[in-house]
Colleague: 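Below: one structure in C-alpha cells.
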Amino acid sequence: MLGILRSMSVTAKVMLTRKPVTIQYPEVHREIPNRDRAFPILIWDEEKDEPFCTGCHACERACPVECMTVVMKDNPKHAAGESKRRKIIDEFWIDYGRCMRCNICVEVCNFEAIGMNNTWAGHELSRYDRSQLVFDLDQLLSQSKAGKVDPGLRA
Amino acid sequence: MTMLLSAPAIDMPGALASVLGLVAITLVMTVGVAYATWYERKIIARMQLRLGPTRVGPFGLLQPIADMLKLLVKEDLRPATADPIAFELAVFAIFIPSFLAFVAVPFTADWLISPLPLSLLYLLAISGLSFIGFLMAGWGSDNKYALLGGMRAAAQLISYEIPLILAMVGVVMVTASADVYQIILFQDRIPLIVWQPLGFIIFLTASIAEVERPPFDIPTGESEVAGGVFIEYSGIRWSMFQLSSYVNMYVFALLGAFVFLGGWEWPFGRDIGWGYQLLLTVSKMALFIFFYLWIRASFPRMRVDQLMSYAWKVLIPFALLQIFLNGLFIVYDAPGVVLAASSWAAAGGLMYLAFHVVRRGEPRKPLQMISVRATAVAARSAS
Amino acid sequence: MVLERDPALDVVDMPINMGPQHPSTHGVFRMVLVVNGEKIVDLVPHIGYMHRGGEKLMEAMDFRQGIGYCDRTEYLAQFSAELAYCLAVERLMDLQVPERAEYIRVILTEMNRLSSHFMFAGAFGVDAGVFATSFTYAFPQREFLQEVFEEVSGDRLMYAYFRVGGLAWEVPDNFVQRVHEVLVHSAQGLKDIDDLLTKNEIFMARCQNIGSFSAQRAIAYGLSGPMLRASGVPWDLRKDEPYSIYDRFNFEVPVGNYGDVYDRYLVRIEEMRQSISIIEQALEQLPPDGPIVPEKMPRRLRTPPGEVYAKVEAPRGEWGVYLVSKGGDKPYRLKMRSPSFCNLSALREMTIGHYLADAVMILGSMDIVLCDVDR
Amino acid sequence: MTQVFFYLISAVVIAGALGVVLVRNVVYAALLLIMSLMGVAGIYILLSVEFLALVQVLVYGGAVTVLVLFALMLTRTGELKEKLDGEQKPLAAVAAIALLGTFLAMIMQTAWPRDVNQLTVVPFTDIGDALFNRWAVPFEIASGVLLVALIGAVVIAMQEEGER
C-alpha cells in the first residue's frame with residue numbers, strides 16, 4: 001500500500017513541481033557542443049581561395065567503410081604561381097549514407113583539409129533518395145565557403 | 001433532456017424525444033471523448049516531464065480533431081482469414097452498449113433521457129455487455145494475440161462485475177433505492193463516500209478493471225499482447241473501439257460521481273440552477289478521470305492470475321463484508337456514525353491486505369553488499 | 001472419479017510468435033512460445049536478424065578502424081566495448097597507458113554504465129506496464145550523460161573515443177565540473193525511478209519469484225554481470241580480476257539472494273549508485289594534466305604475433321575480446337564474447353512454466369542488446 | 001406500438017433460437033444464443049418487469065454465455081463441426097416435439113390469474129421482500145446447492161490439472 005502511494009506521489013510531485021524537459025525541436029535546436037561530429041566536410045582556404053585538400057588519398061585509404069572517392073589534379077593556381085599547392089582536389093565524393101562518422105579521416109589528414117561539420121545543418125540530412133546522400137565537391141565545400149563552420153576537433 | 005424536448009411547446013412523443021436525446025448525447029460524447037484524450041495526454045505528459053500535444057492549435061487543443069480526421073481517412077483493413085461477420089459486428093457490439101448507458105444518466109436534475117426506476121442496475125447491466133464484442137473481435141480477428149486479449153477481457157469483465165455489483169448492492173441497501181436519481185437525492189447533505197468508503201474503494205478498483213485501464217489493462221497490454229483485441233483493427237473501426245472504451249470510462253466516472261460523490265446534489269446543488277449542477281457533475285467526473293489517468297501513469301500492469309485472485313480473494317470478500325455491515329446497520333437501526341466508522345475501518349483493512357494476497361511469500365532478504373577496498377594507491381593521492 | 005473426455009474438447013497448446021516485431025522484444029528478436037492458456041509450455045528463441053558479420057569485418061580493419069565497430073556492436077555500453085578492444089591490443093603490444101587516460105577511461109566507462117542502466121530501468125518499467133513513466137524519468141537523465149559524452153567525443157552514440165594506448169584527444173577544459181553537474185542529475189533520476197518502481201507492490205508482485213535461477217544454473221549457462229550476481233555469485237571483474245585502474249577504488253558489489261527478476265532489477269539499481277561513487281572517487285584522483293597517449297606511440301599500430309583475451313565488466317556482464325594476431329596492423333582472428341548472447345541462452349529455462357506476461361518481464365530483466373547478440 | 005415491438009422482439013428470439021440449432025459454426029451458435037436471450041430480456045421489459053429483464057441481461061447475457069464461448073473458443077472448433085450431427089438426430093427431434101407438446105399443453109391448461117391485457121407493475125422492493133422474507137428458506141437452499149456445485153466444479157478442475 002505504501003509502495004503504490006509512493007509511486008503516485010512521485011508522479012504527482014513531478015506534475016506539480018518540475019518543468020517538462022521537452023525541446024520543441026524543429027523550431028528550437030538543442031545546443032550542440034563545439035566538438036560535435038556530424039559528417040565530414042572539406043575546408044575552404046580563404047587566403048588562397050581554394051580548398052586545403054590536395055587529394056592525397058590519405059582519408060580515402062583510412063576510411064573504414066570506404067565511403068570516399070578522391071580524384072586529384074594538378075593545381076592550375078600553382079602553375080600561375082598563386083598557390084604553393086602543387087596538386088589539388090579535382091573531384092571528391094562522400095557517401096553520407098555509408099559514412100559512420102568515426103573521425104578517422106580528420107585524424108589522418110595532413111593538411112587539415114577535412115573536418116567534421118559541427119552545425120545543425122550537418123545533422124538535418126533527410127532525403128527522399130539514397131543517391132542524394134552522395135555529396136560532391138561543391139556540396140562538401142559549401143558550408144566552409146559560407147563561413148558557417150568552425151571545426152571543433154582537429155587531430 | 002427529454003423533459004426539455006417534450007415540453008408543451010415542442011410536443012413530441014416520448015420515444016422520439018428519447019431517440020433524439022440519445023443522438024444528441026452520442027454527438028456530444030464523441031467530441032467529449034476526443035477531448036478526454038487531449039486531457040489524458042496533457043496530464044500524463046506533465047507527469048512524465050513532457051509537454052503533450054502542442055502543435056495543433058493553442059495548447060494542442062485541436063489535436064483531437066486532427067486525430068479524428070486522420071483516423072477517419074485511414075484505410076479500414078480486414079485480414080483475409082478473419083471471420084467477416086464477427087469481425088465487423090464486434091465493433092458495434094462494444095459501441096452500442098457503451099452509448100446506451102447514457103439513457104439513464106441524469107446529468108442534472110432535469111437533464112435525463114429516460115427516468116428508469118432501476119437505473120443503477122441498468123447501468124451496470126448495460127456496461128457489462130461489452131465483453132461480447134471483445135470476444136467476437138478476439139475470435140473473429142483470427143489472430144492469437146487478439147484471441148488471448150479477448151479471453152482476458154471477457155474473464156476480467158465478468159470477474160470484476162461481481163465486486164462492482166456487490167459494492168452497489170451496499171449502496172442500494174443504505175439508500176433503499178436502485179435509482180441513480182434517488183441515490184443522488186439521498187446525498188443532499190453528506191455524500192455517500194463518507195458512509196461507504198469501503199464500497200467506494202471497491203467500486204473504484206473494479207471500475208478501473210471494467211473500463212480496462214491500467215493497471216488492469218491486460219486485455220490490451222501492449223507489452224504483452226500488443227494491443228490485444230484491437231490488433232487487427234485499423235482506421236474507423238479502431239477509433240470506434242477506442243471511442244467506446246473512453247465512453248465507458250465516462251460512464252463509470254459519472255456513476256462514481258453520482259453514487260459516491262453526490263452528483264449534482266452535493267453541495268447545495270438542488271436549488272441552484274442547472275448550470276451549477278452541470279458544473280458539479282462535470283468536475284466530479286473530471287476528478288474521477290484524473291484519478292484514472294494518475295493511476296495509469298504510476299502503476300505497472302498486473303498479471304492475469306494476480307488480477308483474478310485480486311478480484312476473487314480480496315475485492316469480493318470485502319464487498320460482502322460491506323453488505324454485511326450495512327445489513328447489521330439496517331437491522332439494528334444503528335446510528336450512521338457506527339456505519340461510517342466500521343466501513344472506514346474495513347477500508348483500512350482492505351488497503352492493508354490488498355497486496356499481501358497477491359504477493360505471497362515471506363519478507364525478502366535485502367541484497368548482500370560485498371565491499372571492495374582499494375589495493376593500489378592512486379599516484380596523485382600518494383604524492 | 002475421472003471423467004471420460006472427448007479428445008476434441010481438449011484444451012490445445014497454442015504456438016505464438018512473439019517478434020520479430022513486437023513492442024517488448026527490445027529489437028528484432030523472435031521467440032516462438034507454446035502456451036497452454038496463458039502458461040508457457042515451451043519457448044524457442046530465434047536470433048540472427050541483426051547479424052552483420054561484425055567480427056569478420058573487423059578482421060579487415062586495422063586496429064584504429066576497428067574501434068568504431070565496437071561501438072556499433074554494443075550500442076548501449078560503447079565505452080566498455082571500446083575499452084575491451086583497446087585493452088586487448090594494448091596487451092598484445094605491451095603498451096603502457098598514461099595515468100590520466102586511465103582515469104578518464106574509468107570515468108567515462110562508469111558513466112556509460114549509468115546510462116546503460118538508465119536505459120534498462122526505463123525499458124523494464126515499460127515492460128512491466130508503466131505507461132512510459134519510467135522511460136521518461138530515465139531518459140532526460142540519460143540525455144545529460146550523453147551530452148557529456150558528446151562534449152568529450154563529439155558524438156552521442158558512436159563515440160570512437162578510446163584509442164589503443166590512450167584516448168583520441170584531450171577532454172574539454174570543464175570536463176570535471178560537467179561530470180559533477182551530471183552526476184547530480186543522475187542521482188535525481190535514480191531517485192525518481194527508485195520511488196516509482198522499487199517499492200511498488202504491483203511491481204514487486206510482477207517481479208518477485210519470476211525467472212529464478214540458482215547460482216549453479218547461472219554458472220552452468222555462463223551468465224555474467226548483474227544476471228549472475230543476482231543469482232548469488234559475487235563475481236565482478238572489477239573486483240576479481242581488476243583491469244585498468246579498478247584496484248584503486250572503494251566500492252561495493254551488490255549480490256542478490258533469489259536470482260529472480262526483482263533481484264536483477266535491484267542489483268542494477270544498486271550498481272548505479274556504486275558507479276556514481278566510483279566516478280566521484282576517480283574525479284578526485286584524476287591527475288589535472290598529463291599525456292593521454294604513450295610518449296613512444298608508433299605512428300602505425302602493429303602488433304607482434306600472438307593471441308590475447310581481454311575482458312571488462314560491461315553493464316550487461318563480461319564483454320570480452322579474443323584477438324589473434326599474426327603480426328601486422330590487422331587482427332588475424334577476432335571474437336567478441338558478448339554478455340547479451342550468453343545471458344539470452346538461459347531464457348528458455350527461465351521462462352517455462354511462467355505466464356506469457358512473465359516472459360516479457362524475464363526478457364526485459366536480461367537487458368539484452370540485440371546487436372550485441374547477433375553481432 | 002407495444003405490439004409492434006412484441007412481434008419484432010419475438011422474431012429476434014425465435015430467429016436466434018433457430019439459429020442456435022441450425023447454424024454449423026458453433027461460435028455463431030453461441031452468439032445467436034446471446035441474441036435470443038437478450039430478446040427474452042426485451043420481452044420482460046415489454047411486460048414491465050425491468051428487474052427480471054436486467055437480471056436476464058446481467059446473468060444470461062453475461063456470465064452464462066461467456067462460459068459457453070470460452071469453452072468453444074479454446075477447443076478445436078474445426079473438429080467439433082463434424083461432430084454436430086449424430087445418429088441420434090431423429091430421437092432428438094422426437095424428444096423436442098414431445099417437450100414442445102408438453103409446454104403447449106401446460107400453457108393451454110393454466111388458468112392465468114390476471115388479465116393479460118392489463119399491465120401489473122411489480123415494484124423492485126416487492127421482489128426483494130419475497131426473496132428474503134417470504135421465500136428465504138428456499139432461497140438459501142438454492143444458494144447452498146449452487147455452492148456445492150461450485151465446490152464440485154473446483155474439485156473436478158483440480159483433478160484435471162493434476163493429471164497433466
Side-chain angles (χ1 to χ4, degrees), chain A residues 1-39 96-97 101 103 107 116-133 143 146 148-149 152-155, chain B residues 39-56 58-60 63 197-198 201 204-205 208 213-216 287 289-302 306 310 314-315 318 344-359 363-364:
Chain A
M1 189 61 217
L2 289 176
I4 66 169
L5 289 182
R6 194 157 145 194
S7 299
M8 287 170 75
S9 72
V10 178
T11 41
K13 207 164 66 193
V14 167
M15 183 177 83
L16 296 174
T17 58
R18 287 218 229 140
K19 281 215 177 88
V21 291
T22 313
I23 295 170
Q24 294 280 23
Y25 162 58
E27 285 102 47
V28 186
H29 282 138
R30 186 177 64 91
E31 252 183 60
I32 51 177
N34 184 250
R35 284 186 180 186
D36 179 70
R37 324 196 294 259
F39 283 96
Y96 282 180
R101 313 189 302 163
N103 204 43
E107 282 170 43
M116 296 305 255
N117 193 347
N118 60 353
T119 61
W120 263 106
H123 289 278
E124 291 169 333
L125 285 167
S126 339
R127 297 287 189 270
Y128 285 106
D129 194 329
R130 279 180 203 197
S131 62
Q132 291 169 341
L133 281 173
Q143 288 270 320
K148 280 185 192 151
V149 73
L153 274 173
R154 290 207 177 91
Chain B
Y39 181 56
E40 171 165 27
R41 289 168 71 175
K42 273 290 187 195
I43 292 285
I44 291 190
R46 290 311 298 266
M47 286 180 175
Q48 298 181 337
L49 293 166
R50 297 186 286 122
L51 284 173
T54 54
R55 295 275 149 180
V56 195
F59 306 106
Q63 185 70 44
L198 180 58
I201 291 170
L204 196 59
T205 321
I208 300 171
R213 290 191 61 81
F216 302 112
L287 205 65
I289 291 179
F290 175 77
F291 188 76
Y292 290 159
L293 304 183
W294 190 8
I295 294 274
R296 180 178 186 194
S298 310
F299 292 169
R301 185 179 302 118
M302 281 178 126
Q306 291 165 347
Y310 190 62
V314 181
L315 289 184
F318 272 93
W344 277 104
L350 170 72
M351 301 292 244
Y352 179 73
L353 269 179
F355 294 98
H356 291 266
V357 176
V358 178
R359 188 167 63 87
R364 289 167 66 99

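Note that the structure is predicted; figures quoted are calculated from it, not measured. Numbered from 1 within each chain, the chains take letters A, B, ... in sequence-line order.
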Colleague: What closest approach, in Å, do L51(B) and Q24(A) show between heavy atoms, and which atom pair accounts for it?
Modeller: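 Heavy atoms only, the tightest pair is CD1-NE2, 3.4 Å.
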Colleague: Enter the distance from M47(B):CE to R18(A):CZ here, rounded to the nearest 0.5 Å.
Modeller: 13.5 Å
Colleague: Between V10(A), T11(A), V14(A), which shows the greatest number of heavy-atom pairs under 4.5 Å with chain B?
Modeller: T11(A)
Colleague: Within a radius of less than 6.0 Å around CZ of R30(A), do more than 12 heavy atoms belonging to other residues, nucleotides or ligands occur?
Modeller: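 Enclosed: over 12 neighbouring heavy atoms sit under 6.0 Å from CZ of R30(A).
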Colleague: Take a 6.0 Å sphere around CZ of F290(B) and say whether it holds more than 12 heavy atoms from other residues, nucleotides or ligands.
Modeller: yes
Colleague: Nearest 0.5 angstrom please: S9(A) OG to W294(B) CH2, how far?
Modeller: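 Separation between the atoms: 8.0 Å.
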Colleague: Considering only heavy atoms, which portion of K13(A) lies under 4.5 Å from any heavy atom of chain B: side chain, backbone, both, or neither?
Modeller: neither
Colleague: Quick check: closest heavy atoms across T22(A) and R50(B), and the distance to 0.1 Å?
Modeller: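 Closest heavy-atom pair between T22(A) and R50(B): OG1-CA, 3.5 Å.
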Colleague: What are the two closest heavy atoms between S298(B) and M8(A), and how far apart are they?
Modeller: OG-CA, 3.8 Å
Colleague: Go through the atoms of I295(B) and report whether side chain, backbone, both or neither lie under 4.5 Å from a heavy atom of chain A.
Modeller: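 For I295(B), the contact with chain A is made by the side chain alone.
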